Amino acid sequence: MKSFRFPALALMLLLAACATATATDVSTGDPVVVELDAFSGLPNPTWTLAGADAAELERRLRDLPAAPSATLPDPGLGYRGFRLTTTVGKAPQRIYVTGGLVQVGDDDPLYRDVHGVEAWLQAQARRQGYGGVLPSTNP
């Protein structure tokens, strides 16, 4: 099966967001805005990833295998996944993570989430106080 190398533009956008700040310098990269896609009729929770968290996200998005026969899950009520947005210039780059799949752009192919992007974002959401919106982790 063909392995996915994160698209050059999307990788460039996320790499730009991954410059890590130290005590003597400031990150110059663009942040990654995370939207927890869970509410209908109410604003979805959002937060920003930068520095080490943005670098970890970028690492998890590398080398994803294609999922040519996969389809996105039907959107329903409640938790649907995560929308990630970062901007270079004036063009936003969007990534959707849901149901074990990753989609870069709105109509682009799907890739299998073999590096735990969705689980990692769920852990981030719990740290932000949004654990009650996520699916239960208990069997």
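Just so it is clear, the model here is predicted, and its values are computed rather than measured.
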Margin query: I'd like to check the side-chain hydrogen bond (donor to acceptor under 3.5 Å, both in side chains) partners of Q103; sequence neighbours left out, ordered by chain and number.
Written below: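 Partners of Q103 under the side-chain hydrogen bond (donor to acceptor under 3.5 Å, both in side chains) test: none.
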
Item checked: side-chain hydrogen bond (donor to acceptor under 3.5 Å, both in side chains) against Y96, all qualifying residues, sequence neighbours excluded ->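 Partners of Y96 under the side-chain hydrogen bond (donor to acceptor under 3.5 Å, both in side chains) test: D37.
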
I'd like to check [X] versus [Y] (side-chain heavy atoms, cut-off strictly below 4.5 Å). Are they in contact?
X: V32; Y: T48; value: no
X: R126; Y: L134; value: yes
X: L121; Y: V34; value: yes
X: R80; Y: S40; value: yes

Margin query: Using modelled atom types and a 3.5 Å cut-off, is there a donor and acceptor pairing between side-chain atoms of R60 and backbone atoms of V117?
Written below: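 No, the answer is negative, given that no donor and acceptor are paired below the 3.5 Å cut-off.
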
Check: Does E35 use its side chain to pair, donor to acceptor, with the backbone of N44 at less than 3.5 Å?
Finding: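 Side chain of E35 to backbone of N44: no pair is present.
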
Please list, chain by chain and in numerical order, all residues satisfying side-chain contact (heavy atoms from CB on, under 4.5 Å) with [X], sequence neighbours excluded.
X: A70; result: A67, L101, L110
X: R59; result: E56
X: P109; result: Y111
X: Q124; result: W47, L49, D53, W120, R127

Next item on the list: Would you list the pairs meeting ring pair (Phe, Tyr, Trp, His ring centres under 6.0 Å) in which at least one residue belongs to residues 52-72, sequence neighbours left out?
Entry: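 Residue pairs passing ring pair (Phe, Tyr, Trp, His ring centres under 6.0 Å), neighbours aside: none found.
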
Next item on the list: Quick one: which residue pairs count as a salt bridge (charged side-chain N to carboxylate O under 4.0 Å, His left out) with a foot in residues 40-51, not counting sequence neighbours?
Entry: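 For residues 40-51, and leaving out neighbouring residues, there are no salt bridge (charged side-chain N to carboxylate O under 4.0 Å, His left out) pairs at all.
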
Notebook entry, point to check: What's the spacing between I95 CD1 and T86 OG1 if we round to 0.5 Å?
Noted result: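 Rounded to the nearest 0.5 Å, the CD1-OG1 separation comes to 8.5 Å.
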
Check: Which value, rounded to the nearest 0.5 Å, describes the distance between D113 atom CG and T98 atom OG1?
Finding: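 The distance works out to 10.0 Å.
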
Note to self: Do L36 and V33 land in one hydrophobic cluster if side-chain heavy atoms of ILVMFWY residues count as linked below 4.5 Å?
What the structure shows: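 As far as the 4.5 Å side-chain criterion goes, V33 and L36 are not connected within one cluster.
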
Note to self: If I compare all heavy atoms of E118 with all of G81, which pair ends up nearest, and what's the gap?
What the structure shows: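 Between these two residues, the closest heavy atoms are OE2-CA, 4.4 Å.
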
Margin query: So, using salt bridge (Lys or Arg N to Asp or Glu O under 4.0 Å) as the criterion, who are the partners of R94 when residues are at least two apart?
Written below: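 Partners of R94 by the salt bridge (Lys or Arg N to Asp or Glu O under 4.0 Å) criterion come out as none, since no residue qualifies.
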
